[in-house]
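Have a look at the structure below before the remarks.
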Protein chains: 2
Amino acid sequence: MSLRHGLLGLLAEAPASGYDLAKRFEELLGAVWPARHPQIYGELARLRDEGLIEIESEGARARKVYRLTSEGEGELHRWLLSEPDHTLRYEPLLRSFFFWTLTPAELLDVAVAEAAHYRTLRDTYAQIAQAKEASGHTQTPSGRSVRTTLEAGVRLYDALAEWAEWVSEQARKDQSGSS
Amino acid sequence: MSLRHGLLGLLAEAPASGYDLAKRFEELLGAVWPARHPQIYGELARLRDEGLIEIESEGARARKVYRLTSEGEGELHRWLLSEPDHTLRYEPLLRSFFFWTLTPAELLDVAVAEAAHYRTLRDTYAQIAQAKEASGHTQTPSGRSVRTTLEAGVRLYDALAEWAEWVSEQARKDQSGSS
DNA sequence: ATTCCCATGTAAGCTGTTACATGATTCA
DNA sequence: TGAATCATGTAACAGCTTACATGGGAAT
């Protein structure tokens with residue numbers, strides 16, 4: 001149940017509507033925990049039923065702004081101190097188990113494309129981090145946490161990029177040595 | 001639909017029963033794509049209906065050994081050359097967005113525990129990789145692919161361990177400088 | 001005999017996605 | 001007035017987990 005805690009976490013920063021939260025998930029949290037609006041609206045209704053959030057105000061177009069209750073704050077805190085769920089599900093690494101069924105030429109193509117993808121992501125996160133620091137966004141507590149997560153993204157995708165390049169080098173060797 | 005391709009990939013190596021496949025998922029593929037036996041049995045039935053796999057033999061205790069058909073082989077190959085789904089869903093990184101709600105002391109505990117977890121995983125994968133190389137498991141094509149995936153695991157968790165240590169250092173600074 | 005492992009499956013429920021639907025407001 | 005964006009939701013389906021259920025075979 002990470003989605004509910006993701007919502008509680010965002011609301012800990014500032015009150016927001018379902019629409020706002022859906023957007024922040026897409027642009028910010030989506031990189032590590034994707035969520036679509038139907039799921040978000042449903043979860044918000046449940047969180048309200050359980051008293052973890054409440055409606056602060058209602059605006060135009062049925063817009064509802066939610067705010068964290070103290071119960072919600074407690075639940076968020078309890079969650080952050082509990083054992084994390086380290087379950088990883090990442091398709092590109094599943095694929096790598098079956099690389100042996102590809103020819104060296106095919107593997108080379110795949111690995112080069114993967115490396116490019118990871119490099120791009122790494123650079124994107126590094127740039128965002130730099131921009132945040134330059135514009136003073138890292139001086140608020142939540143801004144510093146975003147910086148922390150970005151740092152994880154940079155390191156993670158840097159590692160994957162180096163790995164994919166290592167794979168492509170091996171494929172290149174296999175290719176030249178096999179005929 | 002990664003589960004079905006994971007099953008096809010395992011069957012590309014050698015025919016196996018649902019039970020065998022469930023075990024291999026748990027011990028091998030589970031690190032990047034967890035799957036429980038009910039899902040596996042269900043998917044195998046569907047794969048058989050669609051002609052991607054077939055029953056090679058039936059043994060004691062209703063044991064059914066499946067084998068890849070040429071259609072299945074084709075589907076696996078097509079999948080490996082298609083665009084990967086780069087969706088990542090990893091709870092520990094979602095949590096890091098909300099680290100700012102913790103006190104420096106709490107964050108320090110969390111980060112130290114995380115670092116230990118990642119170090120352990122990294123070392124485990126490094127050891128398995130070494131053992132595989134020493135015992136000649138990396139000389140078969142599929143063994144070399146396992147080695148490739150293990151290399152990703154080592155690099156990935158090494159990066160996360162360094163990140164968590166970086167986080168814990170920051171928390172330590174905040175702790176000493178805040179009073 | 002009993003316990004453990006082998007081996008398969010069903011059923012219920014939860015999580016998450018895609019498609020559909022509706023209507024208000026803003027801007028060109 | 002038409003298009004884009006705001007804003008919320010429902011319905012159907014797909015993917016995955018947990019609990020339940022059954023029975024054969026091997027070993028002590």
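Below, chain A is the first sequence line, B the second, and so on; all start at residue 1.
For A:T140, the side-chain contact (heavy atoms from CB on, under 4.5 Å) test picks out A:S142, with sequence neighbours left out. Legend: residues meeting side-chain contact (heavy atoms from CB on, under 4.5 Å) with B:Q170, ordered by chain and number and at least two apart, are A:R144, B:W166. Qualifying salt bridge (charged side-chain N to carboxylate O under 4.0 Å, His left out) partners for B:E58, counting only residues two or more places apart in sequence or in other chains: none. With sequence neighbours excluded, no residue forms a side chain to side chain donor-acceptor pair (under 3.5 Å) with A:Y19. Looking at residues two or more places apart in sequence or on another chain, you find a salt bridge (charged side-chain N to carboxylate O under 4.0 Å, His left out) between B:E56 and B:R67. Partners of A:T149 by side chain to side chain donor-acceptor pair (under 3.5 Å), not counting sequence neighbours, listed by chain and number: B:S96.
Whole-Å rounding puts the A:R89 CZ to C:dG16 P distance at 10 Å. Counting to the nearest Å, the P atom of C:dG16 and the CD atom of A:E43 are 8 Å from each other. When the P atom of C:dT18 is taken as reference, atom CD1 of A:I40 falls 14 Å away, rounded to whole Å. Separating the CD atom of B:E91 from the P atom of C:dG16 is a distance of 11 Å, rounded to the nearest angstrom. With rounding to whole Å, B:Y41 atom OH is found 11 Å from C:dT10 atom P. One can place CD of A:Q39 at 8 Å from C1' of C:dT17, the figure rounded to the nearest angstrom.
Residues of residues 1-8 of chain B that place a heavy atom closer than 4.0 Å to DNA chain C do not occur. Near-neighbour residues of DNA chain C inside residues 13-31 of chain B, defined by a heavy atom below 4.0 Å, number-ordered: B:S17, B:G18, B:Y19.
Electrostatic pairing of B:R63 and B:D20 counts as a salt bridge here, judged by a charged N lying under 4.0 Å from a carboxylate O. With respect to the salt-bridge test (charged N to carboxylate O, under 4.0 angstrom), the residues A:E75 and A:R78 qualify. Salt-bridge formation is detected for the pair B:R46/B:E43: a Lys NZ or Arg NE/NH1/NH2 atom is positioned less than 4.0 Å from an Asp or Glu carboxylate oxygen. Ion pairing between a basic and an acidic side chain is recognised when a charged N comes within 4.0 Å of a carboxylate O; B:R95 and B:E114 show no such pairing. Of the charged side-chain nitrogens involved, none lies within less than 4.0 Å of a carboxylate oxygen, so that A:K23 and A:E26 do not count as a salt-bridged pair.
Its side chain within the 4.5 Å cluster rule, B:V112 clusters with B:L108 among the Ile, Leu, Val, Met, Phe, Trp and Tyr residues.
With hydrogens and angles left out, the side-chain atoms of A:T138 and A:R147 include no donor and acceptor closer than 3.5 Å. No side-chain donor from either of A:T120 and A:D123 sits under 3.5 Å from a side-chain acceptor of the other.
When each of B:P38 and A:P38 is assigned the nucleotide of DNA chain C with its nearest heavy atom, B:P38 is the one assigned upstream, toward the 5' end.
Axis orientation changes by 20° from one end of the helix from C:dA1-D:dT28 to C:dA28-D:dT1 to the other, with each end axis drawn from 5 pairs and the value rounded to 10°.
Annotation: the span from B:S82 atom OG to B:H5 atom NE2 amounts to 7.5 Å, rounded to 0.5 Å.
Here chain B contacts DNA chain D (any atom closer than 4.0 Å to a heavy atom, that is under 4.0 Å), and the contacts span D:dG15 to D:dG25 from 5' to 3'.
Here the closest non-hydrogen pair linking A:P15 and A:V65 is CB-CG1, 3.8 Å.
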Under 3.5 Å between N/O atoms: give me all the protein pairs with nucleotides 21-24 of chain C, atom names plus distance.
none

